[in-house]
Amino acid sequence: MVNSENKPFRKPFRPNFAPKPSNSEFVFGIQSVLETIRSGKEIDKILIQRELGNNEVLELAKESGLQVQKVPLEKLNRITRKNHQGVIAFVSAVHYAKLENVISDCYDKGENPFILVLDRITDVRNFGAIARTAEIAGVKAIVIPSKGAAQINADAMKTSSGALNFLPVCREESLYSTVEYLQNSGLRVVCCTEKAQNNLYKTDLTGPLAIVMGSEEDGITDNILRRADEMVSIPQAGKVGSLNVSVATGVVLFEAVRQQNI
């Protein structure tokens with residue numbers, strides 16, 4: 001095939017798989033992964049070759065409450081071609097904080113807790129952008145689920161423009177239980193969802209507050225919506241159905257900031 005200038009047509013190069021993460025984001029090999037777990041470093045998840053099922057790694061990961069995924073060999077090879085022995089662990093770029101410590105510290109300082117709960121935000125750049133906005137808005141901590149959330153890696157750190165160096169991140173097994181805990185700790189839990197009838201700008205967002213934002217795909221989980229103290233929506237005038245979650249988060253957070261500073 002030739003183009004209009006009679007030059008040979010060359011199909012643009014497209015790699016067969018996503019770019020490999022840098023070596024600083026993961027460790028590989030059975031002994032290296034075992035030692036990383038024993039060291040107490042924050043690990044986002046462990047990938048184990050489906051056919052391998054290394055019992056020692058599985059047992060230690062289970063004892064440590066770590067997320068393990070059994071995957072085909074091809075997936076491990078796409079991450080690294082080095083001798084991974086069927087095991088790769090992704091090391092978190094941040095140290096996770098304890099939510100109860102964040103809440104008690106706020107009250108000890110005479111400050112209102114201002115918490116952002118992210119229900120299954122999976123896009124790394126969305127997460128980084130949200131963290132940047134949250135830190136500027138004065139959010140005291142971001143809460144994420146232990147499973148089904150974006151990996152906090154170098155991309156997330158870069159997109160956050162360093163905000164993740166200052167903003168505590170809390171990783172919780174059950175967001176439903178976390179919402180219940182926040183309510184019992186005196187916080188009002190407000191979910192931002194298109195399903196809500198209440199206008200964001202007519203809702204009281206002062207005092208101890210937790211704002212919940214949902215997944216890019218299907219929003220906030222139904223059981224969390226039912227548990228929330230209030231559901232709000234952002235008024236829209238255009239024809240596009242919804243805002244990007246990082247943009248929507250900024251709108252909600254800074255409406256809370258506006259109200260808290262009146």
Side-chain angles (χ1 to χ4, degrees), residues 10-98 118 120-132 142-175 215-217:
R10 293 181 182 178
K11 186 177 181 181
F13 171 75
R14 292 184 177 89
N16 292 325
F17 47 81
K20 299 175 184 176
S22 67
N23 289 339
S24 62
E25 295 174 23
F26 64 88
V27 293
F28 54 87
I30 294 171
Q31 287 306 315
S32 295
V33 170
L34 286 171
E35 291 305 318
T36 301
I37 297 172
R38 293 182 184 123
S39 72
K41 287 184 179 178
E42 301 284 0
I43 297 175
D44 280 329
K45 64 181 175 181
I46 297 172
L47 303 183
I48 294 181
Q49 185 180 335
R50 187 175 292 153
E51 302 80 9
L52 183 66
N54 184 281
N55 288 332
E56 191 174 4
V57 173
L58 281 172
E59 288 174 8
L60 188 57
K62 185 176 180 180
E63 289 173 11
S64 305
L66 298 174
Q67 180 185 357
V68 177
Q69 294 178 9
K70 291 188 177 181
V71 299
L73 175 62
E74 292 77 13
K75 181 166 184 176
L76 299 173
N77 288 340
R78 285 199 297 268
I79 297 169
T80 179
R81 288 288 183 177
K82 294 182 180 179
N83 185 21
H84 51 66
Q85 299 176 300
V87 183
I88 296 175
F90 287 86
V91 182
S92 175
V94 299
H95 177 76
Y96 293 104
K98 294 192 180 213
L118 301 180
R120 297 166 299 123
I121 301 296
T122 56
D123 186 276
V124 170
R125 289 176 176 81
N126 270 342
F127 176 80
I130 288 169
R132 179 178 183 178
I142 290 178
V143 179
I144 61 173
S146 58
K147 296 179 182 178
Q151 182 187 341
I152 303 178
N153 56 19
D155 278 344
M157 295 294 288
K158 181 178 180 181
T159 312
S160 80
S161 294
L164 286 167
N165 292 315
F166 307 101
L167 179 62
V169 178
C170 307
R171 186 166 57 175
E172 301 293 331
E173 187 69 28
S174 166
L175 287 189
S215 157
E216 300 97 329
E217 297 297 324

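- L167 and A131 get closest at one heavy-atom pair: CD2-O, 3.7 Å.
- Taking CD from E25 and OG from S92, the interatomic distance works out to 10.5 Å, rounded to the nearest 0.5 Å.
- Heavy-atom minimum distance, G29 versus Q85: CA-OE1, 3.3 Å.
- Atoms NZ and NE2, on K41 and H95 in that order, are 13.5 Å from each other to the nearest 0.5 Å.
- Between the CG atom in L66 and the CD1 atom in I37 there is a gap of 5.5 Å [rounded to 0.5 Å].
- Contact detail for E51 and L73: the closest heavy-atom pair is OE1-N, 4.3 Å.
- Applying the salt bridge (Lys or Arg N to Asp or Glu O under 4.0 Å) test to residues at least two apart or on different chains, the pairs with a partner in residues 148-173 are E42-R171, D44-R171, R125-D155.
- When every heavy atom of H84 is checked against every heavy atom of I88, the shortest pair comes out as CB-CG1, 4.0 Å.
- Counting heavy atoms from C-beta on, the side chains of E56 and V33 never come closer than 4.5 Å.
- Residues I144 and I121 fail the side-chain proximity criterion, which asks for heavy atoms closer than 4.5 Å.
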Exercise. Please report the C-alpha distance between F26 and L47 in whole Å, then the side-chain angles of each, then the deciding distance to 0.1 Å, and finally whether the side chain to side chain contact (heavy atoms under 4.5 Å, CB included) criterion is met.
Key: CA-CA 10 Å; F26 64 88; L47 303 183; over 6 Å; no

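- Using a 4.0 Å cut-off between charged nitrogen and carboxylate oxygen, E35 and R38 count as a salt-bridge pair.
- Residue K82 holds its NZ atom at 14.0 Å from CG of N77, rounded to the nearest 0.5 Å.
- Taking both residues in full, the closest heavy atoms of R50 and P72 are given as NH2-CD, 3.5 Å, listed atom of the first, atom of the second, then distance.
- Other residues, nucleotides and ligands contribute only 12 or fewer heavy atoms inside 6.0 Å of the CZ atom of R132.
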Exercise. Tell me, with the steps shown, if I79 and F28 meet side chain to side chain contact (heavy atoms under 4.5 Å, CB included).
Key: CA-CA 10 Å; I79 297 169; F28 54 87; over 6 Å; no

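- Within the model, atoms CD1 of I46 and OG of S64 stand 8.0 Å from one another, a figure rounded to the nearest 0.5 Å.
- For the pair N153/V124, a side-chain contact is recorded, criterion being any heavy-atom separation below 4.5 Å from C-beta on.
- Between L164 atom CG and F127 atom CZ the span is 5.0 Å, to the nearest 0.5 Å.
- Considering every non-hydrogen atom in both A61 and V68, the closest pair reads CB-CG2, 3.5 Å.
- With sequence neighbours left out, T122 forms a side chain to side chain contact (heavy atoms under 4.5 Å, CB included) with E216.
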